[in-house]
Amino acid sequence: MTPDPGRLYLSAPTITDGDVRAVVRAMESGWIAPAGPDLTAFESEMACFVGTSHAVGLSSGTAALHLGLKYLGVSAGDFVLVPTVTFAATAFAVTYLGAVPFLVDVDPLTGTMNCDLACEAVRQSRVSGGRVSAAIPVDLYGMPANYGALVPAFRDLEVPILEDAAEGLGASVGDRRVGSFGAAGVLSFNGNKILTTSGGGMLLTNDPKLARAVAKWASQSREPVPWYEHEEIGYNYRLSNLLAALGRSQLQRIDATVSHRRQVREWYREGLAGLEGVAIQGDCPWGQSNAWLSVASFDTDRYPRAPELIRLELESHNIESRPVWKPLHQQPVFRELPSLLDGVADDMFSRGLCLPSGPSMDLASVERVCDIIRSVLAT
Ligand SMILES: *Cc1c(COP(=O)(O)O)cnc(C)c1O
């Protein structure tokens, strides 16, 4: 069910009867606030799914980024490497610690952090006396970043990785799931993500000290004594038990959710096959995407302004689509940041369009979208 049943949304959540029952059961159990058995179980089930030993449920992916960076020692004046193509929250979290996002361009095939440019950014920062205290590769639209290259490169440079897997739940590299590659990984359960608790996030790690510190900070840094005792600054960042119940229920069908998203992407590929100058982003050589959003890319030499014209035409048919993330270096709020760019992000932004990809998309809806794309390109 969605607010407008006639509209095709970019990525609307599906709530099943089972989801509703799970939340009601949690409410009836009396565990309303804030922690409780569903939160503990959601954490261990998610850790098991992703393949880490620890998970901490938090109020958002942004909160998970913030506390993950804090644990890694990111502090005022440091640089943190961020791909310029991502949701702004990746970089916002860096600024919460007084640190400076250093924007690097992305690999043209996947839109994920360009490893060579990122390493070059570390060297340049060090030459100018700067400290790079972390790197945040992003699994863009569910596409795993190139961890086979990034992990050893940053190990050599002694820069820890915080993995922004907010869009990547269920994606993998080889037999390892996204979220397990850095010192810690971040998930988001926001409204349109692949699993949603309406709002929420999680930090994943194999480091028990990291998990303990983040869980404590997220609970107002309360010390384990009967009165409220605080030795450190705290945050109110914990995920609620009720929302965890919703997350647990959705986690049970995550494999089906990811298969469906991948099927939708395949339908788009088939529906647009033979149309020159249009490509649907596929899997990458090193891993499997969860196809959170299907991304179309247009040859704008051949079809000038195609993404925007198609977006408007889809909108006139009550179909939601969205330009790819506007690169952070083009954002007014980030104009002053240091960057290392080679034009790939700008190119992606001018050519790309995210197509409706959610659970309610069936073959007929995908064909409707493809027909509209064909008709716009024909005129
Ligand atoms: C959604 C998202 C976030 C933020 O997660 P919230 O749960 O909305 O705070 C961070 N990074 C990326 C790449 C995202 O897509």
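Order of listing sets the numbers, starting from 1, for every ligand and every atom in it. Since the structure is predicted, the reported quantities are computational estimates derived from the model, not experimental observations.
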- For the residue pair Ala55 and Ala47, what are the closest heavy atoms and their distance? CB-CB, 4.0 Å

- Item | Proximity flag Gly200 to ligand 1, non-hydrogen atoms under 4.0 Å | yes

- Task: Using modelled atom types only, decide if a donor and an acceptor are shared between the side chain of Asp78 and the backbone of Ser75 within a distance under 3.5 Å.
- Result: yes

- Item | Atom indices of ligand 1 within 4.0 angstrom of Thr86 heavy atoms, with elements | 13 (C)

- In the protein, what heavy atom is nearest to atom 11 (N) of ligand 1, and what distance, to one decimal place, separates them? Asp164 OD2, 2.8 Å

- Query: N/O of Trp292 under 3.5 Å from N/O of ligand 1, yes or no?
  - Reply: no

- Among all protein heavy atoms, pick the one closest to atom 15 (O) of ligand 1 and tell me residue, atom and distance. Glu167 OE2, 2.5 Å

- Task: Please round to the nearest 0.5 Å and tell me the distance separating atom SG of Cys119 and atom CG of Leu117.
- Result: 9.5 Å

- Query: In terms of atom number and element, which parts of ligand 1 are under 4.0 angstrom from non-hydrogen atoms of Ser60?
  - Reply: 7 (O), 9 (O)

- atom 8 (O) of ligand 1 - nearest protein heavy atom and its distance: Asn190 ND2, 2.8 Å

- Which ligand 1 atoms are under 4.0 Å away from a heavy-atom of Ala166? 2 (C), 3 (C), 10 (C), 11 (N), 12 (C), 14 (C)

- Are the aromatic ring centres of Phe189 and Phe42 under 6.0 angstrom apart? yes

- Out of Gly61, Ser59, Gly168, Ala93, indicate the one that has the non-hydrogen atom closest to atom 6 (P) of ligand 1. Gly61

- For atom 2 (C) of ligand 1, find the nearest protein heavy atom and state the residue, atom name and distance (0.1 Å precision). Lys193 NZ, 2.7 Å

- Message: Between the side chains of Arg261 and Glu167, is the shortest nitrogen-to-carboxylate-oxygen separation below 4.0 Å, so that they form an ion pair?
- Response: no

- Just jot down the ligand 1 atoms closer than 4.0 angstrom to any heavy atom of Val138, in number order. 13 (C)

- Is there side-chain contact between Met143 and Val295, with heavy atoms separated by less than 4.5 Å? no

- Scan Asn318, Leu314, Ile319, Leu355 and name whichever one has a side chain to side chain contact (heavy atoms under 4.5 Å, CB included) with Leu8. Ile319

- Task: Report yes or no: does Ser11 contribute a side-chain atom to a donor-acceptor pair with the main-chain N or O of Asn192 at less than 3.5 Å?
- Result: yes

- Query: atom 9 (O) of ligand 1: which protein heavy atom is closest, and how many Å away?
  - Reply: Thr62 OG1, 2.5 Å

